[in-house]
Structure formats: structure tokens, C-alpha cells
Amino acid sequence: MRLTSVEPFWLVKNGILHSYPSLNVDIETDIVIIGAGITGSLIAHQCIADGYKTVIVDKREVCHGSTSATTSMLQYEIDKPLFELIDMIGEKGAVLSYKACFDSIDQLQKISKSIKSTCGFTKKESLYFASRKKDVSWLKQEFEARKKHGFPVKWLEAKAIEKQYQLANSHGGILSDQGGSIDAFQLAHDLLYHNHKNGLQIYDKTDVVKIEYRSKDVLVHTEFEKTIKAKKIIFCNGFESTEIIPEKIVNLLSTYAIVGEQNEDDQSHLQNTLFWNTSDPYNYMRTTDDNRFLIGGEDEDFVNADKRDALLIKKARKLEKTMTKIFPNYTFRVDFGWAGTFGETRDGLPYIGKHPDFKNAYFVLGFGGNGITFSVIGMDMVSAMLKGEKHELSEYFNFGR
């Protein structure tokens, strides 16, 4: 097997789109955001729209954390099936969470259009198929739960799936009308650049070494002995937030992805659909806007980055075999492979809101397979919280739940 790069595909494809200075002066602001990836860029977009003086900082180049490694599949489905989530948190909270994720895809499309992003946002349908015969019964239970609560779904038998998508070895599945795909790395850069022109202050390669949580504000100390005084701080740094949050709120997992060479064959049967299955861990697949095919999965517990990356070749081979099994008629040659780390919560939901141990602070931690849609929901939630208003999802996404 040959891999053109072990760097995430989006980094190689896009390069460094925009670069910003490190912090070299003491500054004051209304809001300081920690983490300049897709989550931080969306939250900054909302804060600027709401009229707050806003600063965003990142210890890396902007967007070079998890945003560079995401497969950017936009799904309203949460890692926990709807019928299971209903049992865990109740019907109201589960349905509200699913519907908020559903609506966030359309909201993200509007945001992309409003800033004239070149992220290649594309609306797609989503096929969730049973990879094992034993999964059919609970997958049909999930289908009935979604149908009951008004989600646009239909059940496809295995023969229909094979005919429509040339997808083999399924046992039926749920076809959803709502889904999408983007280049999240490009969108995050576009959001930051757009808002930078509207007053957003951006400092990358600026590590935060200490934060003082005071009665009326916070004081952020950076590695260059400069400070940011802010009325509120918002953490958008994903799994790295586990370094400061005292309780265990998430399991960290390593995930792997490969993308094939550009394919000049007819891919019309694949281009409008996201694919994922019931394997454990599940696989997820989609085309890219430059006519490649991407497959990810092979998740396992995260130990450290070195051990994660050492498994890349082995995991890439497994993903290639899986790809061949699912799409036997597709000519797939691996071009890029990479690994990333993400968090998985007990109920599949994010943590968005205040934490009792941190004054004047908010967290937007979109853990799980659909972290981008959670980040869009976080925009509305943070906007409400900064105004002292309660959001209908706060009790389901809060700490201590």
C-alpha cells in the first residue's frame, strides 16, 4: 500500500489558506474563544453577529487540530439511535436533540452561502445500512422511531440498496432525506477570514498557560507573557478540554480514514449520498467534491498520538478491504490516509454550557460523530446564554447530567 501523505487530506488539498500573528500585546475584550477550529470559528461568527468584541486564540495554526482530520459528513443522526436516546433521557429531550441536529444542516448551508464560502457544501441523503443480519431488527425499530416523530425516512431492502447504489453485503437500511458534506477546514478558514474583516481578532501559535477565573472577568496568560482580559471565555477546544475538566465526561477514541485517487468513472450513484453502517465500530463513506471516495472508521481507544499513528498502515489496509467488500464494482486506489482523535460521550450528546468550577466560562464541546452539527447548535445556545436566556436544550447538554 502506498499513502501519498499521512497528513489529513484537507491539509494537503488546501494548504495554509490564511495565517495570523501570535499575541504580542496585552489586550482586553468582551469574549475570548479558545480553539480556532470549526467550532471556534462558528462561535466567533455568532459572537461578532451579536455585537461582542471577540478574540480567538489557538496554540497551533488555525484549523490544524481536529478540524483538519474530520471527514466532514453532516448528519442529524446522533451516535445513539433515537429509540435508545429516548430510553436514556426521555422522549422530549431525544426528539429535540435530533431535530436540532436536523435543522443545523440547513443553518450551516445558509451560513456557508452568506459568507460566500468555497467549502463545497452539498446537501445529500444519508443511508444507514445493516452490515449484519442481526442488526436488522433494531435498525427497523430505529426506523419506526424516526418515522413516528416526523423525520423524512424510508426503509430500503437489500436488493433495492444494491440496485440503487451498487452496494453489496447489506441487509437493508434507513434512507434519510437530510444530510450534507463540506470541507470543514475550508469553511472554518472562510469563517475566520470573513469575521476578521469584521473585527474578530485572531491569534494563532499562541498557547494558553494559565487562566484566572475572577468574579467579573477572566485573565488569560499566554506563553509569551502577554494577557487577554475578557468578560467571558468560551472553550471550543474539543477533547483537549479534558485536560482541565476534573470529571471524566468523555472516552477518547482514535479513528482512521483513507481517501482514494480522483476517479473519472461515473459516480452519479454515489455522489448524492452519505453511507454508514451498523458495524461496531461503524464505517462511514462519502464522495468528495473533487471526485474521490472517502471511507473512515476502525475506531479504538486512544492511548497516545504515537501509538495511534503507528497503526495507520494496518488500519488503512482494513478500510480498503472494507471498501472493496461494500462497493466491489468501484475502482478504489488509496491516495491519502490519516488518523485523528475524537471524544465519545455516554449518551452521544455534546457538553454545551457552564461548568460549576469555572467562573465566567462556557464550553462548546461537540463530541461524537456529528460534532459539526453540535457546534452549529452551540451558536444558538451560546447566544442565548450570553444574554442570560435559557435554551431548551441546556438541560440535556449540561455538565452533571
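Any value given below was found using the heavy atoms of this structure, including those in side chains, with hydrogens, waters and symmetry copies removed.
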query: Sub-3.5 Å donor-acceptor pair from the side chain of Asp190 to the main-chain atoms of Thr118, do we have one?
result: yes
- line: Paired with Glu300, the salt bridge (charged side-chain N to carboxylate O under 4.0 Å, His left out) test is passed by just one of Lys307, Arg308, Lys315, namely Lys315
statement: Output for pair (Thr70 OG1, Ile372 CD1), nearest 0.5 Å, gives 4.0 Å
- request: Taking the side chain as every heavy atom from C-beta outward, state whether Gln164 and Leu156 have any atom pair closer than 4.5 Å.
  value: yes
- prompt: Any ion pair linking Glu261 and Arg292 (charged N to carboxylate O, less than 4.0 Å)?
  reply: no
query: Do Ile244 and Phe363 touch side chain to side chain, with heavy atoms closer than 4.5 Å?
result: yes
Nearest atoms (heavy-atom pairs only) where Ile56 meets Gly35: CD1-O, 3.5 Å
- request: Look at atom CD of Glu225 and say whether more than 12 heavy atoms of other residues, nucleotides or ligands are closer to it than 6.0 Å.
  value: no
message: Under a 3.5 Å threshold, yes or no: a donor from one side chain and an acceptor from the other, between Gln46 and Asp50?
response: yes
message: Taking Glu61's backbone N and O only, do any of them form a donor-acceptor pair with Asp204's side chain (distance below 3.5 Å, no angle check)?
response: no
- request: Decide yes or no for Gln267 and Asn291: does some side-chain heavy atom of the first lie under 4.5 Å from some side-chain heavy atom of the second?
  value: yes
query: So, for Ile377 and Ser104, which heavy atoms are closest and what is the spacing to 0.1 Å?
result: CG1-CB, 4.3 Å
task: State, yes or no, whether a side-chain contact exists between Asn263 and Thr287 at a heavy-atom distance under 4.5 Å.
output: no
- prompt: Within the distance-only criterion (no hydrogens, no angle test), does the side chain of Thr222 pair as donor or acceptor with the backbone N or O of Val220 below 3.5 angstrom?
  reply: no
query: Would a 4.5 Å heavy-atom cut-off, applied to side chains only, mark Met88 and Arg346 as touching?
result: yes
query: Under 3.5 Å, side chain of Ser176 to main-chain N/O of Gln178, donor-acceptor pair present?
result: no
- prompt: Salt bridge between Glu298 and Lys314, side-chain N to carboxylate O under 4.0 Å?
  reply: no
query: Thinking salt bridges, do Asp177 and Lys154 make one under a 4.0 Å N-O criterion?
result: no
task: For atom NZ of Lys123, decide whether the heavy atoms of other residues, nucleotides or ligands shown that lie under 6.0 angstrom number more than 12.
output: yes
message: For Thr273 and Glu125: C-alpha separation, side-chain torsions, deciding distance, then whether side chain to side chain donor-acceptor pair (under 3.5 Å) applies.
response: CA-CA 5 Å; Thr273 311; Glu125 61 186 14; 2.8 Å; yes
message: Looking at Arg146 and Glu142, is there a salt bridge between them, counting it only when a charged N and a carboxylate O are closer than 4.0 Å?
response: yes
message: Salt bridge check, Lys148 against Glu91: does any charged N sit closer than 4.0 Å to a carboxylate O?
response: yes
field: Donor-acceptor contact present, side-chain Asn169 to main-chain Lys325, <3.5 Å
entry: yes
field: Donor + acceptor pair across side chains of Lys226, Ser22 (<3.5 Å)
entry: no
- request: Locate the shortest heavy-atom distance separating Thr373 from Cys101; write the atom from each residue and the value.
  value: OG1-SG, 4.1 Å
message: Is the shortest side-chain heavy-atom distance between Ile295 and Phe327 below 4.5 Å?
response: no
query: Would a line drawn from the ring center of Tyr20 to the ring center of His196 be shorter than 6.0 Å?
result: yes
query: With no hydrogens and no angle check, is any side-chain donor or acceptor of Ser375 less than 3.5 Å from a backbone partner on Gly371?
result: yes
query: So which of Ile228, Ile202, Asn237 actually passes side-chain contact (heavy atoms from CB on, under 4.5 Å) with Val57?
result: Ile228
task: Output yes when a side-chain donor or acceptor of Asn283 lies under 3.5 Å from a complementary backbone atom of Gly297, and no otherwise.
output: no
message: Looking at Tyr193, I'd like to know if its OH atom is crowded, meaning that more than 12 non-hydrogen atoms belonging to other residues, nucleotides or ligands lie closer than 6.0 Å.
response: no
field: Whether Tyr282 and Trp276 hold their rings parallel, tilted or perpendicular, with breakpoints at 30° and 60°
entry: perpendicular
query: What closest approach, in Å, do Gly120 and Asp289 show between heavy atoms, and which atom pair accounts for it?
result: CA-OD2, 4.0 Å
Flag for Lys232-Asn360: side-chain donor and acceptor within less than 3.5 Å: yes
- request: Kindly assign one of parallel, tilted or perpendicular to the pair Tyr76 and Tyr98, based on the angle between their ring planes and the thresholds 30° and 60°.
  value: perpendicular
query: Would a distance-only check, ignoring hydrogens and angles, find a side-chain to backbone donor-acceptor pair under 3.5 Å from Ser112 to Leu108?
result: no
- request: Kindly indicate, with the supporting measurements, whether the criterion ring-ring contact (aromatic ring centres under 6.0 Å, His included) is fulfilled by Tyr330 and Phe293.
  value: CA-CA 10 Å; Tyr330 188 93; Phe293 201 83; 5.5 Å; yes
- request: Begin with the C-alpha distance, continue with both residues' side-chain angles, and end with the deciding distance and a verdict on salt bridge (Lys or Arg N to Asp or Glu O under 4.0 Å) for Glu392 and Lys99.
  value: CA-CA 12 Å; Glu392 62 182 356; Lys99 287 189 174 178; over 6 Å; no
field: Lys205 (side chain) donor-acceptor with Pro21 (main chain) under 3.5 angstrom
entry: no
- request: Mind listing the closest non-hydrogen atom pair of Leu253 and Asp301 along with its distance?
  value: CD2-OD1, 3.3 Å
message: Check this for me: does any side-chain nitrogen of one of Glu395 and Lys92 sit under 4.0 Å from a carboxylate oxygen of the other?
response: no
- prompt: Can you list the steps and then say if Thr29 with Gln201 is a side chain to side chain donor-acceptor pair (under 3.5 Å)?
  reply: CA-CA 9 Å; Thr29 188; Gln201 294 176 260; 5.0 Å; no
- prompt: Between Tyr351 and Ile249, which heavy-atom pair has the shortest distance, and what is it?
  reply: CE1-O, 3.6 Å
message: Strictly distance-based, threshold 3.5 Å: is any side-chain N or O of Thr322 a donor or acceptor partner for the main-chain N or O of Glu320?
response: no
message: Using 30° and 60° as the class boundaries, would you call the ring planes of Phe275 and Tyr165 parallel, tilted or perpendicular?
response: perpendicular
message: So, applying side-chain contact (heavy atoms from CB on, under 4.5 Å) with Tyr203, which one of Val55, Asp58, Val62 is it?
response: Val55
field: Counterpart residues, side-chain hydrogen bond (donor to acceptor under 3.5 Å, both in side chains), relative to Asn251 (two or more places apart)
entry: Lys248
field: Gap separating the CG atom of Asn195 from the CD1 atom of Ile48, nearest 0.5 angstrom
entry: 5.5 Å
- request: Check whether any side-chain heavy atom of Leu23 lies under 4.5 Å from a side-chain heavy atom of Phe224, and answer yes or no.
  value: no
